[in-house]
Each structure stands twice: as C-alpha cells, then as structure tokens.
Amino acid sequence: MSRMGDVLAGFHAAWEFESDSVLIRYERGIRTPKLFQALGERRVPLEAIAGVTLTRGKRGTVVLRVEPRPGADPLMEAAAGQLKESGDPYRLVLPAEREVLAEYFADELRGLLTESGPADRFLVEPPKGPLSFKAYDGKATFDGRTVSFRWFWTGASSAKWKAGDQNFSVGELNGVEWRSPEVFEGHLRLLRRDVGTAAVQADQDPAAVVFGLGYGPVHESLPFAAAVLAAVRTSSPVAAVPAAAPRRDPADIAERIRHLGELHQAGLVTDEEFSVKKAELLAEL
C-alpha cells in the first residue's frame, strides 16, 4: 500500500491496510452482526487473499470484498458457504460517496496479491479459546485440546443418554461438520478418524450436538467449529486416551439417575443398560 496504517471505515467495520496484511476491526454496536462482534478483529495476511472486488450495494452503498483463498481461513472452511451475505466477515459496506476511495484501495491491494488457488494450510488465525455454547441437547466446550459434550436431560435423546457425556481429543478427530442453526436440522458434528461416515441422525449421534431456536447461534457455534477444525488440522493423529471422568455434583448425578429411571420405565432402556449406566453415574461421585 502507499502508506502503512491507511484505514478505510465502513458500516460495522474498519479495515487497516498494512504492507503484508489487512487488519479488520469490527464494531460492537447493537446493529453490528453478532458474528462480527464475537470475532472482534482479524488479521488477514495478503497471502491468504485471492482477489478483491468492488460492487454496488443496496440503498446507496458500495461493497468492498476480499476473496479468501480456499483453505486459508478455518472460519470460512467451517462455514462451507452457509453464511448469509450480511454475515460475511470479508465484506466492507461503505456509503456510495466513498466509491472512489474504495476503488483506490482495491487497486492498491490487487497490486500486492501474488498467491492464488487453494492454500495448503490455514493462514488466518482461528478464534481464540476456550470456547463453549449451549446446544438444544447439551453444552459443548473446547479448551484447545479436548471437545466435551455434556448432555441436557431435557433435550438429549435416549441414545445420547445411553452413551453418556463425551470427550474427544483433537487427535481423534478428522474434521468438523457445521450445519447452520438458521436452517432445518442445524448441528455440529465431530468427524472421527476411527468411525465411518454412515448417515446417522445428529440427534442420535453422541459425536454431535443439535441446534434449535435460540440454541447454538451462528456467532457462538461457528467460531467454535472453526477453532476445533484448526486444532484438528494442526494436530497429529494420536491414540485416544480416555479422559478421567470429572467429579460431578451429587445433585446432578441424582437428577441423571432419575431421568435414566424414566427411560427404563418407558422401555427405552433395558434392565442391563439401566444397571450399567447407573453404576457408571454412581462411580462419578
């Protein structure tokens, strides 16, 4: 760029152009998309950018957009094309009177781009952890090394209750499948190295959490998925080591046993399954 530190401010974000990157700072106003607020700011190296476009927007605006290279950004890889246009973190919407200025920056930026095609590694930093969110059937947490699902008795299926709470080290995983909560059957599924890809409903899969109205919103579940995906890509496969079961609140254990008893009485859990699972729960005390 002509000068380091040049800034172009638009609606919801400001872009600062550096010699080797574009620093995107998102606003925190009430009209700013929640995903942008959750991201805070992102530094996009020039080597992660494939192209730049400037187009006319709606209601007297213009839109400057950088096109990330495939495979360069874990957030966009996890999103897999499901983000709405208004939620695209690579769009900068500006008043139409700034079109000439935006065109200048677009031309300057194009002149610095040297890479194209898929990237062989992530070039944009993933969202920082630890991260967590509430799904309809459980709470998902990620500490940078392990993804944990803790089921809610009010939403989890009997299959998930039988399997119990789940812990997955990133070394066990091969990827992440994110289906937007804004569409039917939204979910986050962990793809495991040692398990086939046979179609299993997300509400029956202990390696998946199900979204719903108010559960697993984009601004929480997508950064989560991106962080896990980035950790998986940078880890080497290791043998799964069972995590030590954490000590639980006795009241929580009692509630789980009560719910297990309801499943047993309803005929959804066999006598043997009831006895085994009850013993497992009591062992967590």
Inset, instruction - May I ask you to test the Asp88-Met76 pair for a side-chain heavy-atom distance under 4.5 Å? - result: yes
Legend entry - Residue pair Pro89 / Tyr26, side-chain heavy-atom distance below 4.5 Å: yes
Legend entry - Single-linkage hydrophobic cluster Phe224~Leu222, side-chain heavy atoms < 4.5 angstrom: yes
Legend entry - Nearest heavy-atom neighbours spanning Thr61 and Phe11: CG2-CE1, 4.0 Å
Legend entry - Straight-line distance of Leu190 CG to Asp205 CG, nearest 0.5 Å: 8.5 Å
Inset, instruction - Using a strict 4.0 Å threshold on nitrogen-to-oxygen distance, state whether Glu99 and Arg56 make a salt bridge. - result: yes
Legend entry - Spacing of Glu115 atom CD and Ile49 atom CD1 [to the nearest 0.5 Å]: 11.5 Å
Legend entry - Nearest-0.5 Å distance, NZ of residue Lys139 to CZ of residue Phe152: 7.5 Å
Inset, instruction - Could you tell me whether Asp143 and Arg145 make a salt bridge, using a distance below 4.0 angstrom between a side-chain N and a carboxylate O? - result: yes
Legend entry - Glu18/Ser21 under side chain to side chain donor-acceptor pair (under 3.5 Å): CA gap, chis, key distance, verdict: CA-CA 5 Å; Glu18 302 288 355; Ser21 62; over 6 Å; no
Inset, instruction - Is it possible for you to say whether Leu123 and Leu229 belong to one hydrophobic cluster, with membership spreading through side-chain heavy-atom contacts below 4.5 Å? - result: no
Inset, instruction - Ignoring hydrogens and angles, tell me if any N or O in the side chain of Asp137 forms a donor-acceptor pair with the backbone of Val210 under 3.5 Å. - result: yes
Inset, instruction - Evaluate the side-chain proximity of Val209 to Leu188: yes if any heavy-atom separation is below 4.5 Å, no if none is. - result: yes
Inset, instruction - Measure the shortest side-chain to side-chain distance between Phe168 and Phe142 over non-hydrogen atoms and say whether it is less than 4.5 angstrom. - result: no
Inset, instruction - Using the rule that two of Ile, Leu, Val, Met, Phe, Trp, Tyr join whenever any of their side-chain heavy atoms come within less than 4.5 Å, decide whether Leu94 and Leu23 are in one cluster. - result: no
Legend entry - Stepwise side chain to side chain contact (heavy atoms under 4.5 Å, CB included) check, Leu75 with Leu39: CA-CA 10 Å; Leu75 188 83; Leu39 294 175; 4.0 Å; yes
Inset, instruction - Could you check if a side-chain atom of Leu83 sits within less than 4.5 angstrom of a side-chain atom of Val218, using non-hydrogen atoms only? - result: yes
Inset, instruction - Could you tell me whether the side chain of His187 and the main chain of Glu185 form a donor-acceptor pair under 3.5 Å? - result: yes
Legend entry - Approximate separation, where rounding is to 0.5 Å, of Tyr104 OH and Asp6 CG: 6.0 Å
Legend entry - Heavy-atom pair with the smallest gap, counting every atom of Arg179 and Gln82: CA-OE1, 3.4 Å
Legend entry - Side chain proximity check, Trp151 to Gln166, heavy atoms < 4.5 angstrom: yes
Inset, instruction - Identify the heavy atoms of Asn167 and Ser148 that sit nearest to each other, and give their distance. - result: OD1-OG, 2.6 Å
Legend entry - Pair Glu103 + Arg110: basic N to acidic O under 4.0 Å: yes
Inset, instruction - Taking Arg98 for its side chain and Ala9 for its backbone only, find out whether a donor-acceptor pair lies under 3.5 Å. - result: yes
Inset, instruction - Of all the heavy-atom pairs spanning Pro181 and Tyr215, show the shortest one and how long it is. - result: CB-O, 4.1 Å
Legend entry - Backbone N/O of Val7 and side chain of Glu16: donor-acceptor pair under 3.5 Å: no
Legend entry - Distance-minimising heavy-atom pair for Asn174 and Arg193: OD1-NH1, 3.7 Å
Inset, instruction - Could you tell me whether the side chain of Pro217 reaches within less than 4.5 Å of the side chain of Phe211, counting heavy atoms only? - result: no
Inset, instruction - Look up atom CG in Asp107 and atom CG in Leu112, then write down how far apart they are to the nearest 0.5 Å. - result: 11.5 Å
Legend entry - Glu172 (side chain) donor-acceptor with Ser169 (main chain) under 3.5 angstrom: yes
Legend entry - Whether Arg65 side chain and Tyr90 backbone form a donor-acceptor pair below 3.5 Å: no
Inset, instruction - Return yes if some donor-acceptor pair links the side-chain N/O of Arg69 with the main-chain N/O of Pro118 below 3.5 Å, else return no. - result: yes
Legend entry - Exam field: side chain Gln37 to backbone Gly29, donor-acceptor pair closer than 3.5 Å: yes
Inset, instruction - Could you tell me whether the side chain of Arg42 reaches within less than 4.5 Å of the side chain of Asp73, counting heavy atoms only? - result: yes
Inset, instruction - With side chain to side chain contact (heavy atoms under 4.5 Å, CB included) as the test, would you mind laying out the steps for Arg31 and His12 before giving the verdict? - result: CA-CA 8 Å; Arg31 295 188 178 183; His12 310 318; 4.2 Å; yes
Inset, instruction - Group every Ile, Leu, Val, Met, Phe, Trp and Tyr by side-chain heavy-atom contacts under 4.5 Å, then state whether Val124 and Leu35 land in the same group. - result: yes
Legend entry - Donor-acceptor under 3.5 Å (Lys160 side chain, Ala208 main chain): yes
Legend entry - Shortest non-hydrogen separation from Gly144 to Ala231 and the atoms involved: O-CB, 4.2 Å
Legend entry - Heavy atoms of other groups near Phe122 CZ, more than 12 under 6.0 Å: yes
Legend entry - Single-linkage hydrophobic cluster Leu54~Leu109, side-chain heavy atoms < 4.5 angstrom: yes
Inset, instruction - Inspect the contact between Arg43 and Glu125 and indicate whether a charged nitrogen and a carboxylate oxygen are less than 4.0 angstrom apart. - result: no
Legend entry - Enclosure of Tyr136 OH (heavy-atom neighbours >12, cutoff 6.0 Å): no
Inset, instruction - Using modelled atom types only, decide if a donor and an acceptor are shared between the side chain of Arg91 and the backbone of Ser86 within a distance under 3.5 Å. - result: no
